[in-house]
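Report on the structure given below.
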Amino acid sequence: MGIRAAKGAAFPTTVPVVVIGAGACGLCAALAAKEAGAEVIVLERDDRPSGSTALSTGLIPAALTNLQKSLGIDDSPEQFAADIIAKAKGQLDKAMAMAVARASGPTIDWLAERHGVAFRLVEGFLYPGHTQFRMHGTPNRTGVELEAALLAAAERSGIDIVTNALVTDLFAHEDGRIAGVSIQRPDGAEEPLGCEALVLACNGFGGNRAMVREYIPEIADADYQGHVGNTGEAVRWGLALGATVADMGSYQGHGAVAHPHGNPIVWALLTEGGIQVNARGERFSNEVRGYSEQAVDVVSQPGRIAWNIYDGQREELALDFTDYREVKALGGVRQAASIEALAEQIGVPPDALARTVAEAEALRAAGGSDRFGRNFAGKAPLRAPFLAVKVTGALFHTQGGLVIDAEARVLRPDGRPLPNLLAGGGAARGLSGPSRWGYLSGNGLLTATVLGRIAGMNAARMVASQ
Ligand SMILES: Cc1cc2nc3c(=O)[nH]c(=O)nc-3n(C[C@H](O)[C@H](O)[C@H](O)COP(=O)(O)OP(=O)(O)OC[C@H]3O[C@@H](n4cnc5c(N)ncnc54)[C@H](O)[C@@H]3O)c2cc1C
């Protein structure tokens, strides 16, 4: 994996816009480039495109969409950007946050109205840090559905997606201009392909243990739930080309991945009043700060696991999610008429769990915050039947990456863009600050779809102006 000199390289075929990766970012980039009149090809290492996009819950936050308007929801890009910035404690590129928030509504409307992606709005609870209902997802709220909808749109648009095409090297001129890529086929054969603009949509480095250990050691021993083929080429190529990277310690973790099933359990079970306890039956954190930062707290508990404790009323919210229904169907959700009986079932000391729940109930009644800073105000008490699901913490995807501008152009340390290299989604620096705590729900697919679209439009513009 590396950069080769373009001088002397021969490209039997050239496609003006080449996109690496067929997840949400790459497919949005290809749709936008094609629509802008450029010939485009997508190169995907897998036999069947899936990416982290297909592994995800598929929820994309966006402000001022036609769907929100039709439901009377009063949102704005400014309010959305303020939420992104607040979650990242202001330690991000604020202008990028504003640019992405502004482009989010038009991107969702474009995918829905022009490319037939059937979005519904998640209502009934707010994701941590969001001040408005703005999560858009496909009917069953799965990334599989989202990826399938994007692939269908690409097919309708006549976009070629070449699978089994691992891009190993980029060919670059001395000024950083990309001349083409080298594709490795499963039989080891190498195929050069020329391009006039290149979009890196090959996500981050979650699938590269050595890079995770180097940049984010705190999560290196946790499960990785993202796509294993995302092994950090964008960062490695970018650095070799003299590009700059930032926020390399940033990531989306998740503190409630059903164990051993691997499905994320909707966080609303906790934000709406549930609690998380360890194997000793004790709470250990403020569960409602966000699910990303909770991952490390959970893997620090005995056995690296925790139990989500909630009730039948809260479960109603989770039953809308395929991931939850699957875990329930597999027997991963325990239920009992009393807290003590639930504790017996899950192997947690009954007196300790009863004490923990009683403390939470007392706090709920009295108001005020607990020693972790959690306030249960406005949340109804837990009532029978009581439920529990065993969870662990995991790394979902990395949020550090190539620094880009609002046109998705990859930048050098002095702020100058590389001539024809663009990036989006997990390949680029996210909007989540430098660490685990800055990830606002949906930042992943937000930057994949919005920046993918912008990258595709600008790649087409670059090609047209050459
Ligand atoms: C369990 C889970 C749940 C999630 N839920 C959500 C959610 O609800 N909302 C949200 O916003 N985010 C969510 N995320 C994060 C989200 O999935 C990612 O942020 C998003 O999918 C990134 O899109 P992408 O297009 O950048 O990358 P991907 O979808 O991962 O696509 C990258 C593609 O590039 C290919 N590739 C990589 N390297 C090469 C190479 N060298 N040559 C050729 N191809 C290559 C890969 O095979 C892959 O297909 C979740 C993640 C996980 C793991």
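Indexing begins at 1, ligand by ligand and atom by atom, following the structure's order. For clarity, every value in this text was computed on a predicted model and none was experimentally measured. For the numbers below, each heavy atom of this structure counts, side chains included, while hydrogens, waters and symmetry mates do not.
Remark: the Q294 side chain and the S285 side chain contain an N/O donor-acceptor pair separated by less than 3.5 Å. Side-chain atoms of T131 and Q79 include a donor-acceptor pair closer than 3.5 Å.
The main-chain N or O of V117 is never found under 3.5 Å from a side-chain atom of H115 such that the two would form a donor-acceptor pair. Judged by distance alone, with hydrogens and angles left aside, the side-chain atoms of R429 form no donor-acceptor pair with the main-chain N or O of L402 at under 3.5 Å.
Classification of R4 and E190 as a salt-bridged pair holds, one side-chain N sitting under 4.0 Å from a carboxylate O. Using a 4.0 Å cut-off between charged side-chain N and carboxylate O, R114 and D109 make no salt bridge.
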Exercise answer, ligand 1 polar atom pairs (N/O) under 3.5 angstrom:
from	atom 1	to	atom 2	distance (Å)
ligand 1	5 (N)	T57	N	3.1
ligand 1	8 (O)	G58	N	3.4
ligand 1	8 (O)	L59	N	3.2
ligand 1	9 (N)	L59	O	2.8
ligand 1	11 (O)	L59	O	3.3
ligand 1	11 (O)	G442	O	3.0
ligand 1	11 (O)	L445	N	2.6
ligand 1	17 (O)	S52	O	3.2
ligand 1	19 (O)	H397	NE2	3.2
ligand 1	21 (O)	T53	N	3.1
ligand 1	21 (O)	T53	OG1	2.9
ligand 1	25 (O)	A24	N	3.3
ligand 1	25 (O)	C25	N	2.9
ligand 1	26 (O)	G426	N	3.0
ligand 1	27 (O)	N203	ND2	2.9
ligand 1	29 (O)	S52	N	3.2
ligand 1	29 (O)	T53	N	2.9
ligand 1	29 (O)	T53	OG1	2.5
ligand 1	30 (O)	S52	N	2.8
ligand 1	30 (O)	N203	ND2	2.8
ligand 1	30 (O)	N230	ND2	2.9
ligand 1	41 (N)	V167	O	3.0
ligand 1	41 (N)	E233	OE2	3.1
ligand 1	42 (N)	V167	N	3.0
ligand 1	44 (N)	R45	N	3.1
ligand 1	47 (O)	E44	OE2	2.7
ligand 1	49 (O)	E44	OE1	2.6
ligand 1	49 (O)	E44	OE2	3.2

